[in-house]
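Everything on this sheet refers to the single structure shown next.
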Amino acid sequence: MDHVIQTLVDYVKDHSVKVITGLVLMVIGWYLGHRRASADWKKQEFYDRLNVSLNMIQDGTLKIRTLSEKRCEDVFLNLAAAHTVQKLARQTTGNDPILPIPASENWFYLNAILNDLSEQFAIGFLKSDMGAQVTTATYLIALTCESVGEMKTRKIRAMVVRKSLLTNLPEEMPRLEASHHITRWSTLQRLASEFQKRPERFKEVELAVS
């Protein structure tokens with residue numbers, strides 16, 4: 001037992017600089033992480049979160065419903081990709097909330113969201129394959145980060161909109177369930193315009209429910 005203890009003591013002595021450096025770096029990392037988390041909370045900015053938001057107009061009212069919310073790393077499955085998305089989200093403006101993803105990389109990011117979304121509706125496709133009656137519709141996905149108006153929090157949002165709605169968005173603003181939803185209406189108008197000019201910034205997905 002004494003031999004084991006002496007071995008540990010000798011190891012600490014021989015590697016004391018590395019051990020102390022590691023502890024210092026760990027403490028600094030914890031402090032900076034805690035400080036950033038506190039700052040983000042005060043500003044209500046959560047760029048590490050991906051909110052998947054269904055946008056629809058029913059009975060003349062704009063309705064916004066969350067389909068899921070996860071950490072970016074859990075959707076893009078790559079830390080570098082998640083950090084890139086967060087960096088692009090910070091570059092959005094009030095006039096242009098669409099993430100400025102390079103055209104050559106659009107597929108990678110949007111397809112990751114498509115896969116995550118399709119998983120939620122997998123049962124619908126299975127039932128369809130088995131001959132059960134299901135309802136399907138085509139939706140469009142785009143990555144945004146809204147930053148104007150009375151938005152309570154700033155997050156990366158994957159907008160999910162029925163294709164037939166976005167391509168025929170009414171000119172008159174629908175009724176709103178909450179006053180800050182006027183920002184979402186502006187975002188939808190921007191998305192409708194962008195889809196006509198650059199459809200490659202969107203991902204099309206068919207969803208099925210029974």
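Numbers here are sequence positions counted from 1.
Residues L77 and L143 are members of separate hydrophobic clusters, defined by side-chain heavy-atom contacts under 4.5 angstrom among Ile, Leu, Val, Met, Phe, Trp and Tyr. The hydrophobic clustering, which links ILVMFWY residues whose side-chain heavy atoms are closer than 4.5 Å, places L126 and L207 apart. Transitive grouping of hydrophobic side chains (ILVMFWY, heavy atoms separated by less than 4.5 Å) brings F108 and L50 into a common cluster. Under a hydrophobic clustering in which Ile, Leu, Val, Met, Phe, Trp and Tyr are joined whenever their side-chain heavy atoms come within less than 4.5 Å, directly or via other members, V205 and L54 fall into the same cluster.
At a threshold of 4.5 Å between non-hydrogen side-chain atoms, the residues E146 and M159 count as touching. In this structure the side chain of I141 never reaches within 4.5 angstrom of the side chain of F202, judged on heavy atoms. Looking at heavy atoms from C-beta onward, L62 lies in side-chain contact with L188 at the 4.5 angstrom threshold.
Within the 3.5 Å criterion, the main-chain N or O of V52 finds no donor-acceptor partner in the side chain of S68.
Note that the CZ atom of R49 and the NZ atom of K70 stand 10.5 Å from one another [nearest 0.5 Å].
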Report task. Take R190 and T144 through the side chain to side chain donor-acceptor pair (under 3.5 Å) test and state the conclusion after the steps. Result -> CA-CA 11 Å; R190 174 69 184 180; T144 70; over 6 Å; no
Query raised in the report: Which is it for T138 and E206 under the side chain to side chain donor-acceptor pair (under 3.5 Å) test, yes or no, and what are the steps along the way?
Result: CA-CA 4 Å; T138 301; E206 182 185 37; 5.5 Å; no
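The residues K163 and E204 are annotated as salt-bridged, a charged nitrogen and a carboxylate oxygen being separated by less than 4.0 angstrom.
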